[in-house]
4 protein chains.
Amino acid sequence: MPKRAIPAQEKRGRPRSRRTETAILRAANELITSGGLADLTMEGVAERAGVGKASIYRRWPSKGALAFDAVVGGILATQPTPDTGSFEGDLRQTARSWVRSANSPRGGRTVAGLIAEVQSDPDLAKVWRERFVSRIRQERRPIIERAIARGEIPVGSDPEMILDLLYGPLYHRYLNGHLALSDSFAKELAHMVAAAAANGAVVRGREVLRSRAVR
Amino acid sequence: MPKRAIPAQEKRGRPRSRRTETAILRAANELITSGGLADLTMEGVAERAGVGKASIYRRWPSKGALAFDAVVGGILATQPTPDTGSFEGDLRQTARSWVRSANSPRGGRTVAGLIAEVQSDPDLAKVWRERFVSRIRQERRPIIERAIARGEIPVGSDPEMILDLLYGPLYHRYLNGHLALSDSFAKELAHMVAAAAANGAVVRGREVLRSRAVR
Amino acid sequence: MPKRAIPAQEKRGRPRSRRTETAILRAANELITSGGLADLTMEGVAERAGVGKASIYRRWPSKGALAFDAVVGGILATQPTPDTGSFEGDLRQTARSWVRSANSPRGGRTVAGLIAEVQSDPDLAKVWRERFVSRIRQERRPIIERAIARGEIPVGSDPEMILDLLYGPLYHRYLNGHLALSDSFAKELAHMVAAAAANGAVVRGREVLRSRAVR
Amino acid sequence: MPKRAIPAQEKRGRPRSRRTETAILRAANELITSGGLADLTMEGVAERAGVGKASIYRRWPSKGALAFDAVVGGILATQPTPDTGSFEGDLRQTARSWVRSANSPRGGRTVAGLIAEVQSDPDLAKVWRERFVSRIRQERRPIIERAIARGEIPVGSDPEMILDLLYGPLYHRYLNGHLALSDSFAKELAHMVAAAAANGAVVRGREVLRSRAVR
DNA sequence: TGTTAAACGAGACGGTACGTCACGTCTTCCG
DNA sequence: CGGAAGACGTGACGTACCGTCTCGTTTAACA
């Protein structure tokens, strides 16, 4: 977890330099987009940033945490929540822009590298969940809420399930590469998810689908 | 890619010892289930197997390839394709047994480690796709075919899409950990996928959903 | 060399704090006697003294210089020049008390550490010579002068040579550890040095032995 | 302690390469003679020798141990035991050649650096005593034995004391630098030691002076 | 008595070297 | 001649201190 997540400057003494931090983040970002997260080394970042290794470790406990901060802001910025006027349109738009960024030659595999990193670093996993996955999901909730308000899907539809139904298949193809992450896949996926949401919940009547957060 | 995939023993001289191979695979398996794939080292395997490092590299080109062979057979064996008599029942059964093995304390995270490894090793990625992902998907196709035969879902339903709709959300929660991989999630997911398959394709008439394999 | 050797307070502003200086010296002393000079670090001293590193560097240019000031005063104080009434008695007394302090479990190796430090720090070497070695030698000269006055050794005996003959073997065993620094060694050494001083110069007649200081 | 002191090749597998060892020793030697022992770094040696750091650590546990092996052979070779026909002549010759090598601009301070290193490394100290100090002393014993045989000094004279009387003052000036290590000092020192040996023991009659080795 | 400049504690900074680890390759000798 | 043993060069790791520097905060002497 990046230490800057703890903003309190309790101690006296020389404060952390913003210049140093920016230099590190920029260097890390450049190395990641040019060579992938596997080519990122703390020594490489230190050298390119003109910074001592200790200055990196003072801020980030691991390569993954640094990569996260170097990269996630940019990713989040390029993925706004669409509002097309229809549920399926919103889903389609969301999937399409996700597919596009996953296919981008520069940085398209960055998220894959981060997810890989997350699998062996519990601390990073927590940050990943809270500051990336959950955050995007939170941002996307209005899509479901508006769909309910419009009467496109039943009241009580489980937003978590709907989001998993949308993002799950996208990430699945992204990480396993068994099938193309094409634009048409995005379109058809959106259609299927819309159908599931519209009809899936009805079968169970008024009952609300529930999923509980874990950990 | 494990070289034993090339079974031909062209050369003369002493053939590769099966005992050596088994010892390596067993050692690798033990290390993976006890400490996770991140703790697996070639040196550790060599020592535990009582084997020279060269004997490992003679057979497997990378840690990931070895781990794959050490682990995938067992995983495949524990995930038979169910035949419950109904589409949703088959999906539910599939999801449930997947969830169960993902939650197993020993080895539950092994697949996560392999997927992580795959992200930075194109050769391994190919093996992973062909010998794990695609293989399981192939094995699961009868579920869809039987559902079509029973008339539960339209003729022309895209099996790839249906499988992605099922496995995608499972892997999504498994790798990101944002929500619990519970039994009830498996049940509800199966329900939603069934609803999508039953209604999604219908909306678009007779048109067949298509997805093309990539790479 | 401690900058406090230059007492002039030309500047305005807050003067150097005596409390700070004492805290540093005490901390250094404690660390040296507890762990040897090799374990002494500027950061350790700063922390233990509750002092900024800059406050140390403001006063002492190097670890060795600080150690010197932290330690030498105490050493000099415990080694008075004896006056037993005979030349050999004085030598014996000198050697014995030297041996005793070299064998003391706390601090017995401190001088060894300082001599080690001195070998790679010319500035410290100068301080060491002028404020420790030469000072002790100066203090011990009365032993030789009284011996001449008593007629125990020839007029014109070289005090430098005699002191080297006494201290040389002591330090030699102390630093190399090839033989015990025992009390009986001190006694026998004193006897040999007395014999040398009484007879060595005589052989060469009235000629005065000379040695010149260097550097 | 250099591991090559244990010559037994018990294990199988690739044996230590002599080429690597020589390269390391040569690199170390060059760095020491060009910059002093304080400038010697393991990384520097590795780079200059074209060798991995691990290959150094595999053989020598510390910088001091490496320096010892890189340097001591050459030193021992340049200091033969003289045989001039007289006790004082032998002592003088010994002291003179010692002085000369201590004053040599290249490598003259190397022994000082090693003695410094020895003060904070007990393992190295043992090697130093056994393979340098004691060894030279052993080689010099014939000087005393021949002097006894010639009747220049009493039977039962303590060779350890005589050697300390000779080497002690030399090392004392060498390490402390309080007075010049001149040729004339060597001469006068030899004279004093001869006088002490001739007269010192006599005073105490037949009694044999004794010193016991320690540790 | 208020101003002011240096000393203060704290600790961040760019560095260097440390000693360790695992990599993938290469070499030796045993069976 | 296959295979265990393990040495090899490589390169990154994370740590420890170095000596310098920048913060705000005292604090004593000057004005």
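So that the names make sense, note that chain A is the first sequence line, chain B the second, and so on, each numbered from 1.
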N/O (side chain, [X]) to phosphate O (OP1/OP2, [N]) under 4.0 Å:
X	N	answer
C:Arg19	F:dA28	no
A:Thr20	E:dG14	yes
D:Ser55	F:dG9	yes

So what does C:Gly44 touch, heavy atoms closer than 4.0 Å: a base, only the sugar-phosphate, or nothing?
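Touches nothing.
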For C:Ala46, which contact category applies under a 4.0 Å heavy-atom criterion: base, sugar-phosphate, or nothing?
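If one applies the 4.0 Å heavy-atom cut-off, C:Ala46 turns out to touch nothing in the nucleic acid.
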Are any non-hydrogen side-chain atoms of [X] and [Y] less than 4.5 angstrom apart?
X	Y	answer
B:Arg59	B:Thr20	yes
A:Asp121	A:Glu117	no
A:Leu25	A:Leu66	yes
A:Phe68	A:Trp60	no

What is the distance from [atom1] of [X] to [atom2] of [N], rounded to the nearest Å?
X	N	atom1	atom2	value
D:Ile24	F:dA7	CD1	C1'	11 Å
C:Leu66	F:dC17	CG	P	15 Å
B:Glu47	F:dA5	CD	P	10 Å
D:Ile56	E:dA17	CD1	C1'	12 Å
A:Arg18	E:dA12	CZ	P	15 Å
D:Trp60	F:dA7	CH2	P	14 Å
A:Arg48	F:dA12	CZ	P	14 Å
B:Leu31	E:dA22	CG	P	12 Å

Nucleotide nearest [X] (side chain, heavy atoms from C-beta), chosen from [options]:
X	options	value
B:Thr41	F:dC8, E:dC23, F:dG3	E:dC23
A:Met42	E:dA17, F:dC13, E:dT20	F:dC13
A:Arg58	F:dC13, E:dA12, E:dA7	E:dA12
C:Lys63	E:dC18, E:dC26, F:dC18	F:dC18
D:Tyr57	E:dT28, E:dC18, F:dG9	E:dC18
C:Ala54	E:dG15, E:dG19, F:dC21	F:dC21

Does any N or O donor sit under 3.5 Å from an N or O acceptor when you compare the side chain of A:Arg14 with the base of E:dA12?
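Answer yes: a donor N or O sits under 3.5 Å from an acceptor.
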Less than 3.5 Å between a donor and an acceptor, one on the side chain of A:Lys53 and one on the base of F:dG14, is that the case here?
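Such a pair is found, so the answer is yes.
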So which one's nearest nucleotide on DNA chain E is more toward 5', A:Ser17 or C:Gly52?
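So the residue in question is C:Gly52.
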Closest-nucleotide ordering on DNA chain E, the 5'-leading residue of C:Glu43 and D:Asp39:
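Its nucleotide being nearer the 5' end, the pick is C:Glu43.
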Check step by step if side chain to side chain donor-acceptor pair (under 3.5 Å) holds for C:Ser55 and C:Arg58.
CA-CA 5 Å; C:Ser55 293; C:Arg58 214 172 280 129; 3.3 Å; yes
For the backbone of A:Ser17 and the side chain of A:Glu21, can you confirm whether one donor and one acceptor N or O come within less than 3.5 Å of each other?
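Such a contact is absent between A:Glu21 side chain and A:Ser17 backbone.
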